[in-house]
Number of protein chains: 2
Amino acid sequence: MVYNVHHRYSESTMTSSERRPDTGGLVWFDEPAPPRATEQLSRERIVAAAMELADDQVPGEITMRALAARLGVRSPMALYRYVGSKDGLVDLMTDQVYGQITVPRGDGWRAALQGLGRTSWEAVQRHLWFARLAFSRPPMGPNALHLYDAALAELEPLGLDAATRMGFVKTVLGHVLGSGLALLEEHTMRARVGLHSDSDLHAAVAPYLERIAAAGEHPHFIGWATDPQRLAPEPQSFEQVLEWLLDGLATLLPPEDRSPA
Amino acid sequence: MVYNVHHRYSESTMTSSERRPDTGGLVWFDEPAPPRATEQLSRERIVAAAMELADDQVPGEITMRALAARLGVRSPMALYRYVGSKDGLVDLMTDQVYGQITVPRGDGWRAALQGLGRTSWEAVQRHLWFARLAFSRPPMGPNALHLYDAALAELEPLGLDAATRMGFVKTVLGHVLGSGLALLEEHTMRARVGLHSDSDLHAAVAPYLERIAAAGEHPHFIGWATDPQRLAPEPQSFEQVLEWLLDGLATLLPPEDRSPA
DNA sequence: TAGCGGTGGTGTACGTTGTACACCATGAGT
DNA sequence: ACTCATGGTGTACAACGTACACCACCGCTA
């Protein structure tokens with residue numbers, strides 16, 4: 001797949017077989033296939049297995065072959081009866097995670113965006129690969145649309161123009177996905193370097209850092225890298241930054257709309 | 001490459017030929033090869049060509065074959081005399097961009113981080129692919145280290161602990177890279193949909209949206225999607241959000257250290 | 001009950017990717 | 001003039017997504 005270069009709306013129209021009508025790359029409009037009793041595969045089973053497979057190893061990359069094997073099917077081509085393309089499958093996985101995010105309704109814009117931030121952060125931590133995928137495709141699945149719709153609905157009373165309204169939501173989600181991507185990278189790096197403890201990780205780069213330290217270069221960076229406190233929890237936690245962003249967004253509102261906390 | 005699954009510190013040690021000693025995946029320690037007068041390739045030429053190639057098409061994906069062709073060389077393997085692996089080459093490209101970022105010195109922490117944010121944002125806009133690559137590998141090249149060192153040096157007088165110090169820098173760079181990735185995705189989507197104007201883009205998703213609108217679903221989202229104002233510049237610009245983040249970071253400092261503006 | 005057609009999994013195959021390996025042409029040093 | 005490292009070439013392979021032909025089987029109608 002490689003950053004979904006193959007996924008163009010124009011040409012994915014003709015990728016799937018004509019028995020099951022395709023929907024132009026926008027996979028979410030297929031009605032469920034007329035089920036036969038004996039089928040061992042289904043779109044739901046495939047998506048669920050793909051998500052488990054992505055959860056299992058750290059970068060969250062899946063291959064159609066590995067997925068077919070996990071589903072007990074010998075040919076990867078069997079999956080193409082149900083999903084049209086790997087990119088379409090990834091769209092479905094992504095939207096499934098969007099479905100795990102909720103927006104609190106009726107408690108005002110700040111509570112809505114706070115809840116959006118918190119629940120999406122939890123979803124990202126459950127499925128680290130989601131951060132990467134959500135960044136690289138437009139949020140157009142039914143669950144994503146439902147989510148955006150709920151968030152925009154809560155912003156409606158503020159009377160903001162369209163661009164600003166969506167900007168509020170994107171500010172929050174951008175923070176979530178950015179933090180998630182950084183987290184994913186940290187995990188990936190740990191998986192690359194044999195084992196996962198902090199001391200293992202430190203030992204892997206130690207010779208490189210020593211060489212720099214010996215040359216007397218970058219003293220402030222070396223000072224950080226050799227400080228045992230460097231792994232302490234930072235005050236700039238996800239939640240703290242989210243609050244800063246919400247405070248910033250609040251400054252765009254008339255004073256009477258800025259909720260107290 | 002595919003999100004550099006192949007790039008493990010342990011095994012990239014043996015990827016390059018033994019004529020040019022490799023440095024364990026950390027490519028930045030090769031001294032320049034003893035030059036011969038007649039060589040048509042060099043590490044510098046390769047990295048420069050790779051950056052131009054990545055700048056040329058939107059997702060910024062390069063292949064060794066395309067790069068070899070651009071350099072007028074028939075075999076992609078010629079490049080492996082100079083770079084060890086594609087992942088190592090990408091490390092070099094990434095660090096080259098880090099070299100375009102500067103940190104103002106001597107004007108205090110806020111000016112330093114502001115300058116860091118501004119210049120890195122400019123670099124990201126020049127080389128959109130940088131946002132993707134910087135997210136997926138640790139910043140360990142000489143230019144990256146120099147940059148982190150300079151930023152940390154400017155934070156030194158604040159007397160913060162190590163984790164918080166680095167957190168200040170990462171907060172800014174996280175915002176830059178997150179915004180850059182969103183920008184890259186927008187450009188990629190435009191490139192997928194035939195041409196690049198806003199109306200083209202809108203026309204591409206219009207039938208899908210109409211179907212949703214006709215079903216009466218997601219009215220608030222549809223309201224945004226059909227609002228001609230939705231493309232207006234948002235108040236949550238990159239610079240504005242950066243200011244919010246700096247304001248937030250300032251709250252972690254004793255009052256006398258928060259600079260006025 | 002015989003046959004027929006569509007459904008769903010199989011097997012093979014192709015193009016593209018990164019890159020290992022053997023090969024050889026050339027120019028510098030003895 | 002012989003040697004030999006240097007640097008570009010060509011071939012080859014594994015893994016990927018996926019197109020295509022194939023066939024086993026089930027439910028239907030005759």
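Residue numbers begin at 1 in each chain, while the letters A, B, ... track the order of the sequences.
Glu217(B) and Arg211(B) are not joined by a salt bridge, as no carboxylate oxygen comes within less than 4.0 angstrom of a charged side-chain nitrogen. Here Asp91(B) does not pair with Lys86(B) in a salt bridge; the nearest charged N to carboxylate O distance is not below 4.0 Å.
Residue Tyr80(B) places no side-chain N or O under 4.0 Å from the OP1 or OP2 atom of dG8(D).
In this structure, the CG atom of Leu67(B) is 13 Å from the P atom of dG8(D), given to the nearest Å. When rounded to the nearest whole Å, the span between CG of Leu89(B) and C1' of dT19(C) equals 14 Å. Rounded to whole Å, the distance from CE on Met77(A) to C1' on dC16(D) is 13 Å. Rounded to a whole Å, the CG atom of Leu41(B) is 13 Å from the C1' atom of dT9(D). Atom CD in Glu61(B) sits about 15 Å away from atom P in dG17(D), given to the nearest Å.
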Start with the C-alpha gap between Arg190(A) and Glu186(A), add the side-chain angles, then the distance that decides, and say whether salt bridge (Lys or Arg N to Asp or Glu O under 4.0 Å) holds. CA-CA 6 Å; Arg190(A) 280 163 192 266; Glu186(A) 192 193 313; 3.3 Å; yes
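For Phe238(A) and His175(A), the ring centers sit closer than 6.0 Å to each other. Aromatic rings from His146(A) and Tyr98(A) are positioned such that their centres are separated by 6.0 Å or more.
In the interface, the side chain of Arg81(A) is paired with the base of dG9(C) through a donor and an acceptor atom under 3.5 Å apart.
Between Val73(B) and Met64(A), the residue whose closest nucleotide on DNA chain D is further toward the 5' end is Val73(B). Position along DNA chain C of the nearest nucleotide to Arg65(B) versus Ala78(A) favours Ala78(A) as the more 5'-ward residue.
The shortest side-chain heavy-atom distance between Pro138(B) and Glu185(A) falls under the 4.5 Å cut-off. Using a 4.5 Å heavy-atom threshold, the side chains of Ser120(B) and Leu173(B) count as touching.
The bend of the helix from dT1(C)-dA30(D) to dT30(C)-dA1(D), defined by the angle between the axes of its first five and last five pairs, stands at 30° to the nearest 10°.
Residue Gln40(B) places its side chain closer to dG8(D) than to any other of dG8(D), dA19(D), dT19(C).
Among the atoms of the strands shown, none is found under 4.0 Å from any heavy atom of Leu79(B).
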